[in-house]
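Worksheet: the structure to be examined is printed underneath.
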2 protein chains.
Amino acid sequence: MVSSKDVAKYAGVSQTTVSRVVNTPHLVKEPTYRKVMAAIDELNYIPDGNARSLVQKKSDTIALISGPLYNPFFVETTTSIVNYANENGFKINVHFSNDENIEEIYNAIFEKKVDGIILSSVLLEDPVFEKLEKSGIPFILYNRKHENNKNFVEMDNEQAGYLATDYLFSLNHKEICWIGGPTEMSTFKGRYDGFLKAFQQNNAAINPEKIFIGKTSKENLYQTFLKVEELSEKPTAICAATDAIAIQMMDFYISAGYKVPEDISIIGIDNVKIGQHASINLTTVGISSPIDLGRIAIEKLIKMIQQQNKPCVQITEAVRLFERKTIIKKKKEA
Amino acid sequence: MVSSKDVAKYAGVSQTTVSRVVNTPHLVKEPTYRKVMAAIDELNYIPDGNARSLVQKKSDTIALISGPLYNPFFVETTTSIVNYANENGFKINVHFSNDENIEEIYNAIFEKKVDGIILSSVLLEDPVFEKLEKSGIPFILYNRKHENNKNFVEMDNEQAGYLATDYLFSLNHKEICWIGGPTEMSTFKGRYDGFLKAFQQNNAAINPEKIFIGKTSKENLYQTFLKVEELSEKPTAICAATDAIAIQMMDFYISAGYKVPEDISIIGIDNVKIGQHASINLTTVGISSPIDLGRIAIEKLIKMIQQQNKPCVQITEAVRLFERKTIIKKKKEA
DNA sequence: TAAAAAAATGGTTACGTAACCATTTAACTA
DNA sequence: TAGTTAAATGGTTACGTAACCATTTTTTTA
């Protein structure tokens with residue numbers, strides 16, 4: 001491996017000067033600069049990022065802990081986070097969390113000297129939050145938040161759940177299923193609370209049989225689908241806590257011979273891109289802003305890093321309904 | 001920042017012993033081990049990965065250069081690559097390439113001491129290949145390959161193009177559009193060659209007006225869609241070089257009021273998961289193996305790293321047709 | 001129980017870089 | 001032109017770790 005010392009010897013200057021050519025060329029005379037650059041090219045020198053990080057205690061790297069990509073929401077946020085960071089001179093270390101490998105991920109992150117952390121995978125009462133704060137590394141949560149309400153960029157989850165559910169009521173749906181993930185996560189908790197609120201405001205009674213809260217893997221959702229099928233009184237509409245869930249349920253229903261929305265109405269939350277596809281046309285609730293949550297969060301994080309201050313970011317984006325074609329209007333009952 | 005020296009002092013042992021407790025605990029007596037571990041916990045010590053990489057000249061890290069996630073193919077390969085690597089003790093540094101930011105990506109990769117590189121973004125005649133070989137770092141290409149036919153895991157692209165096109169012919173389609181990316185990429189070249197071969201074998205003449213080769217961004221594909229619309233003789237079927245293209249074209253067609261496959265048949269290549277969704281049901285060609293190309297490639301790469309040898313991996317996976325519902329059988333003309 | 005072997009621990013060093021301070025060289029200034 | 005200041009370059013060090021070799025302690029063996 002060619003080091004700056006090798007370059008220095010080859011060019012007949014000191015290692016210090018090589019370092020200057022690489023990092024602060026304006027401090028170096030033109031002929032010296034050319035001499036050193038020639039040596040760098042000749043020897044194919046590439047600075048060692050590890051050594052640099054060691055001495056500088058920073059890495060121009062941000063760690064991203066994203067949810068799994070089978071949820072298209074994270075496909076979009078990951079893309080926009082990576083792109084924005086790169087445009088601003090930061091590299092991104094992406095980690096995909098399934099909420100089980102969190103421990104390893106944090107080890108990996110803290111071992112490298114990342115300049116910041118942007119993450120979604122956090123529980124409302126997650127003890128890891130304290131660890132993050134103690135580490136002193138700037139960080140921000142996107143999508144989900146922690147119960148202590150610090151450093152997050154989220155959508156108005158309760159309002160989202162409310163809007164989705166209320167929209168179903170407005171189209172005369174009464175028998176509504178809720179399918180969502182564990183309420184230990186702020187997204188699911190907020191959205192479910194909104195769902196409940198809509199029932200209250202519409203003077204409707206919750207039927208516990210129609211509430212499905214559990215893991216959101218394909219297998220689990222299929223079990224849920226089967227349970228819904230077995231209900232004596234089937235729902236006319238499904239309120240899914242995320243578009244990913246909604247799209248998966250659509251798949252089950254259509255594969256089983258049902259028609260959406262004629263046989264069953266489905267609404268999601270997130271306003272994911274693939275839901276806008278003409279073949280899917282998922283009615284959903286999402287943020288009004290054209291910029292996604294990941295992008296908003298990474299902007300804030302980079303500002304925190306560059307300005308070396310750590311304000312408490314608290315952003316709750318407003319949401320609105322996106323009417324598309326997976327909901328049908330029911331006839332009013334007598 | 002707490003270092004191993006701090007731990008050593010606190011525990012009353014040498015730094016060397018701390019290092020041993022962390023890396024080779026069997027070389028350390030039980031009471032010493034406990035003493036040091038207590039100190040580690042107490043002081044919240046985390047080894048510095050940069051310093052470690054510096055001295056060890058390795059990082060247990062593999063760089064992944066993936067195509068953009070708006071292509072669902074890369075969503076799946078990225079997921080399986082990251083998961084498999086993590087299961088085997090490697091971290092993954094993901095980079096998303098748009099074939100333009102390649103330079104920066106390579107800089108970033110070579111600055112850190114990655115143990116291996118797995119990449120898709122390479123052109124047939126890419127000069128970067130030589131750079132890779134010279135670096136001495138084990139690497140493997142997945143999806144695409146280089147003209148020199150070294151170190152790749154691909155599908156049988158020509159056969160894929162052939163099967164897709166021949167299937168259209170077998171259902172009496174004559175007016176077939178090809179929509180694909182630049183043939184500087186082995187995938188597009190191979191698939192297009194297969195397309196041509198199918199025309200030959202079916203004694204059909206290529207109509208240059210119906211060949212669209214260019215960038216595969218949404219905007220470009222929309223321009224292509226408009227051009228197809230303006231053709232005096234419209235195609236009855238579209239052979240898309242990738243599922244991503246096919247799914248995008250479906251969106252344009254359906255949004256414009258067409259029905260797929262009644263008004264236009266569409267076939268893709270890749271057998272991407274979202275294409276299997278009941279709302280899309282994209283007929284396509286994909287590898288017969290249930291394990292995706294990324295997964296196959298990362299397995300090989302990790303073997304190369306662990307066994308410290310660099311065999312020339314050349315894998316071309318067999319493909320087959322996946323009949324679904326975006327193709328209609330045409331009536332035979334008189 | 002003394003000698004030999006094995007196990008456990010410690011001391012010193014290199015890894016490649018940038019920070020820091022020292023020195024030399026060039027450019028002004030009076 | 002000497003004196004002063006600024007610009008350019010060099011020398012030395014620390015960063016935190018594991019490799020390597022040296023030393024001490026323990027265990028085994030005769």
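Numbered from 1 within each chain, the chains take letters A, B, ... in sequence-line order.
- Base contact: A:S19 has a heavy atom under 4.0 Å from a base atom.
- Closest to the side chain of B:K57, from the set D:dA18, C:dG16, D:dG11, is C:dG16.
- Protein atom NZ of B:K113 is 20 Å distant from nucleotide atom P of D:dG16, rounded to whole Å.
- Nearer the 5' end of DNA chain C, as judged by each residue's closest nucleotide, is the contact made by B:T32, out of B:A51 and B:T32.
- For A:T17 and A:S14, the side-chain atoms include at least one donor-acceptor pair closer than 3.5 Å.
- The residue A:N50 sits apart from the nucleic acid: no heavy atom pair falls under 4.0 Å.
- Just one of A:N143, A:N148, A:N149 meets the side chain to side chain donor-acceptor pair (under 3.5 Å) condition when paired with A:K145; it is A:N149.
- Summarising the geometry, the separation between NZ on A:K112 and P on D:dG16 is reported as 15 Å, rounded to the nearest angstrom.
- With DNA chain D read from its 5' end, the first of the two nearest nucleotides for B:K29 and B:P47 is the one closest to B:P47.
- When distances run from any side-chain atom of A:V13 to the nucleotides D:dG10, C:dG16, D:dT9, the shortest one goes to D:dG10.
- In terms of position on DNA chain C, the residue among A:M1 and B:L27 whose nearest nucleotide sits closer to the 5' end is B:L27.
- Following rounding to the nearest Å, A:R20 (CZ) and C:dC20 (C1') show an atom-to-atom distance of 11 Å.
- In terms of polar N and O atoms assigned as donor or acceptor, the side chain of B:Q56 never comes within less than 3.5 Å of the base of D:dA19 in a complementary pairing.
- Atom NE2 of B:H26 and atom P of C:dA7 are 11 Å apart (whole Å).
- Distance CD (A:Q15) to P (C:dA18): 7 Å, rounded to an integer number of Å.
- We find that NZ of B:K5 is positioned 7 Å from P of D:dC15, with the value rounded to whole Å.
- Salt bridge status for A:E299 with A:R295: present, with a side-chain N to carboxylate O gap under 4.0 Å.
- Taking the six-membered ring for Trp and thresholds of 30 and 60 degrees, B:F129 and B:H146 have nearly parallel ring planes, at less than 30 degrees apart.
- Looking at B:K58 and B:R52, their side chains never come closer than 4.5 Å, going by heavy atoms from C-beta outward.
- Contacts of B:Y45 with the nucleic acid, taken as non-hydrogen atoms under 4.0 Å apart, involve only primed sugar atoms and P, OP1 or OP2.
- For the pair B:R52 CZ and C:dT17 P, the computed distance is 21 Å after rounding to whole Å.
- Put simply, CZ on A:F110 is 20 Å from C1' on D:dT17, counting in whole angstrom units.
- One can find a donor-acceptor pair under 3.5 Å joining the base of D:dG11 and the side-chain atoms of A:T16.
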